[in-house]
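Worksheet for the structure shown next.
Only this structure's heavy atoms are used, side chains among them; waters, hydrogens and symmetry mates stay out. Quantities reported herein were computed from a predicted structural model and do not represent experimental measurements.
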Amino acid sequence: MNMVQSVSALRVASLRKVFQRPAVDGLDLRVGQGEFYALLGPNGAGKTTTLRMIAGLMQPDAGEVSIFGIDALANPIAAKRITAWVSDEPMIYDKLSPTEYLAFVAGLWGMDPTLAEKKSAALLDWLELKPHAHERCEDFSKGMRQKVALAGALVHEPKLIILDEPLTGLDARAARLVKDALLARVREGCTVIMTTHILEVAERMAERIGVISRGRLIAEGTLEELRKQSGSSNTSLEDVFLTLVAEQETTQ
Amino acid sequence: MSTPASWLWLARHEARLAIRDLRHLMTAGGRWRIRNVAISFALLAVGLHLLAFGIVAPHAEMTLEAGTRGFTSITGTLLLTFFLLLSQSLEHVTRLFYGRGDLDLFRSSPAPLRRLFAIRVLAIAVSSILMSLVVALPAVNMLALLGGLRWFAALGVAVATALAAAGIALVLAALLFDTLGPRRTRFAAQVASAIIGSAFIIGVQAVAILSIGTLSPRDFFDSDLVLSYMPPPDNALWIPARAVLGSVPDLALTIVSAASVLIVPMVILSGRLGGYAIATASVSHGGSRPVWGARLFRTASPRQLLQRKEWMLLVRDPWLASQSLMQLLYLIPAGLLLWRFYGDSRGALLVLAPVLTMAAGQLGGGLAWLAVSGEDAPDLIATAPISPTYNLTAKVEAVLIAVFAVFAPFLIGVFMHSWLMALVIAGAIFLAAASSTLIQIWFRSQAKRRYFRRRQTSSRIATFAEAFSSVAWASAAALAMNESWYAVAPTIIAMLVLTATWSIRPR
């Protein structure tokens with residue numbers, strides 16, 4: 001699966017966003033279809049800003065975003081139809097049950113109600129939410145809420161899933177369920193791009209890893225390729241990451 | 001330097017937080033605004049004094065010889081103020097138990113919770129006193145200017161009113177907590193607070209309509225009917241009224257009594273307040289109750305989905321629903337007026353137009369805030385394959401449909417009397433609700449729905465704009481009902497308010 005096909009699942013070119021200083025500074029990125037891509041970087045590197053611009057939550061100052069060949073800036077509705085977004089802070093409706101939430105999300109994405117119902121039931125079962133399927137989400141733990149948000153992202157069968165720190169605050173069991181769910185989707189041909197501070201997760205799950213610092217992509221490739229770029233072999237991703245970021249900061 | 005966790009230390013801590021909150025509220029964090037705030041306050045003070053002059057000038061010569069008629073009028077005003085302060089204090093006291101904030105820090109520290117809560121109840125009393133003085137000061141200043149320094153005694157009564165309100169609020173909150181438990185007290189206290197705040201004026205208006213056929217509380221208190229039930233001037237009931245008029249012994253008695261109303265329950269109850277706060281920390285929302293609304297989402301277009309979602313969230317949140325609909329309590333007198341004079345007095349029905357329009361503007365603004373700013377899953381909506389305009393249109397429709405659903409019974413009632421009047425009122429309701437909705441869209445600022453009550457403090461401009469446009473549309477409706485071309489003037493004012501608000505909206 002380690003290949004960039006002719007039509008990339010995601011292509012980002014010269015992406016730029018400036019707040020008080022450039023948060024994303026001429027970023028180029030390409031993720032192939034069916035690929036699991038991890039975007040790493042220190043705090044304030046521009047990871048979340050990049051993903052929010054890709055997901056259509058923020059307007060870039062310059063650059064291009066293309067999702068499966070669709071210009072996401074010129075035609076956001078078509079791009080959103082095949083995309084899902086999950087953030088570290090699950091934003092769901094406290095007063096709806098997981099079943100109702102999934103029915104609402106499926107309706108927004110224009111899914112056939114019967115199919116949506118079946119998908120919802122299967123997802124809730126898989127994510128161990130079935131016993132709580134008809135309870136309001138207001139008393140749910142952070143892990144349960146994150147699982148509901150993930151189910152919402154998966155129910156409409158997106159081709160590209162964008163996740164910003166989806167494992168933050170999850171216990172080991174919930175984190176394992178989320179990771180399994182994502183890997184299963186990738187095996188079915190779905191593309192995943194995810195940021196995480198847990199480098200072991202990126203190391204184990206991602207086929208390619210991008211390292212971003214001060215809004216720029218400073219390194220990209222498989223773990224082996226990153227080791228070569230950092231000039232160290234047989235080291236963990238953590239060592240590689242720290243070396244690459246330190247080199248970049250020294251250069252600047 | 002005071003000893004850490006001592007009374008003085010805690011009081012200083014609370015005062016520092018309160019002052020910083022107040023300063024942030026006034027300046028929105030900007031230093032440069034302090035001058036603007038000072039100028040605004042000066043202008044407001046001048047305006048309030050002019051307004052007070054118009055209202056109190058005829059009464060400046062009133063003395064202790066005013067008799068039952070004068071005492072009734074003063075006591076009515078004091079009762080109105082008392083109930084408003086009681087309503088606000090009850091809300092603040094309840095918030096003490098439910099607000100988490102720094103409470104977990106205090107609970108995990110060796111500092112005595114009893115002391116902290118006693119200080120916080122006192123802080124509520126102080127804020128109540130300040131509010132009472134702000135309201136009373138312009139009127140008292142004008143009365144003192146025209147009728148003599150004796151009127152400054154009224155400020156002491158204002159302080160006493162606030163102290164008594166804080167004390168009774170504490171007792172009520174404790175009673176609610178002991179009776180209903182931590183899960184239900186918050187909601188019950190919010191409802192009780194809204195009812196207490198409006199009950200007196202609504203009650204007076206209702207009795208006034210049913211007895212003497214007027215909406216005016218002043219006419220009611222002046223009426224022979226009311227005076228015939230009042231005790232003689234030397235009765236103890238009139239002690240606060242006599243204190244307002246400058247009787248020093250009555251003033252001392254009023255203040256001492258009011259202070260005891262606060263201090264006695266505070267001493268008795270402050271030890272239990274920490275326990276209440278601990279109990280609220282483990283409250284469950286009752287999420288295990290199954291809900292079955294998914295079918296409402298299954299056969300709907302995205303537009304209907306968004307609308308049904310808004311209505312479902314509102315209906316399932318009794319606290320929010322009560323906060324939005326509580327304003328409609330003020331429609332009870334209007335409903336009574338419609339019922340009392342239905343079919344035999346066109347003049348009385350004319351009063352309905354501005355009342356309904358005003359209420360529609362306020363209700364529309366509240367619902368629009370919930371739909372636009374209070375969206376709990378903004379990222380979900382923003383990443384859904386629908387355009388922002390489509391989403392906004394659906395939400396505006398949800399608000400307007402809800403507003404018309406609430407006012408439909410009134411409109412049907414008026415329609416049976418005159419279709420033209422119903423049409424005018426419906427148009428005014430639409431314009432007022434739509435204007436408030438637009439203002440909320442222009443000043444939208446993402447917030448949790450539970451901060452609904454604070455929406456009015458997050459943007460003063462939006463709050464004032466909403467109020468001004470509602471008043472302007474209400475005036476236009478009243479004049480249009482009278483078939484007067486002067487209705488054009490408030491219509492233009494409403495449009496100007498909207499244009500000005502649009503031009504200063506955040507971008």
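Contact check on A/Arg136 versus A/Asp94 returns no salt bridge, with no Lys/Arg side-chain nitrogen under 4.0 Å from an Asp/Glu carboxylate oxygen.
Nearest heavy atom pair, residue A/Gly152 against residue A/Tyr101, reads CA-CE2, 4.0 Å.
Interatomic distance, CD of B/Glu466 versus CD1 of B/Ile439, reported as 6.0 Å (0.5 Å rounding). The NZ atom of A/Lys159 sits 14.5 Å away from the CD atom of A/Glu188 when rounded to the nearest 0.5 Å.
In this structure, B/Ser301 contributes its side chain and B/Gln304 its backbone to a donor-acceptor pair below 3.5 Å. The backbone N or O of B/Ser373 lies less than 3.5 Å from no partner atom in the side chain of B/Gln440, so there is not a single donor-acceptor pair. The backbone N or O of A/Asp88 lies less than 3.5 Å from no partner atom in the side chain of A/Thr168, so there is not a single donor-acceptor pair. The backbone N or O of B/Phe297 lies less than 3.5 Å from no partner atom in the side chain of B/Arg308, so there is not a single donor-acceptor pair. With hydrogens and angles ignored, the 3.5 Å screen pairs a side-chain donor or acceptor of A/Lys147 with a backbone N or O of A/Leu127. Checking side-chain atoms of A/Lys17 against main-chain N and O of A/Gly215 turns up no donor-acceptor pair under 3.5 Å. For the pair A/Thr191 (side chain) and A/Gly34 (backbone), a donor-acceptor distance under 3.5 Å is present. A/Thr195 places a side-chain N or O within 3.5 Å of a backbone atom of A/Glu165 that can act as its donor or acceptor partner.
Scanning residues 47-65 of chain A against chain B with a 4.5 Å heavy-atom cutoff picks out A/Arg52, A/Ala55, A/Gly56, A/Leu57, ordered by number. Residues of residues 388-400 of chain B placed with any heavy atom under 4.5 Å of a heavy atom in chain A are absent; none qualify.
Interface residue B/Glu375: only side-chain heavy atoms are found under 4.5 Å from chain A. With a 4.5 angstrom heavy-atom cutoff, A/Leu108 touches chain B via backbone and side-chain atoms both. Contact of A/Val105 with chain B is made through the side chain alone, with heavy-atom distances under 4.5 Å. Using a 4.5 Å cut-off between heavy atoms, B/Leu296 makes no contact with chain A at all.
Per-residue heavy-atom pair counts under 4.5 Å with chain A were compared for B/Leu313, B/Asp379, B/Asp376, B/Leu305, and the maximum is reached by B/Asp379. With chain B as the partner, the residue from A/Pro113, A/Ala106, A/Cys137 showing the most heavy-atom pairs under 4.5 Å is A/Pro113. Contacts with chain B were tallied for A/Met111, A/His132, A/Glu117, A/His156; A/Glu117 has the most, counting heavy-atom pairs under 4.5 Å.
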Please report the C-alpha distance between A/Arg30 and A/Ser8 in whole Å, then the side-chain angles of each, then the deciding distance to 0.1 Å, and finally whether the side-chain hydrogen bond (donor to acceptor under 3.5 Å, both in side chains) criterion is met. CA-CA 7 Å; A/Arg30 198 178 273 263; A/Ser8 303; 3.1 Å; yes
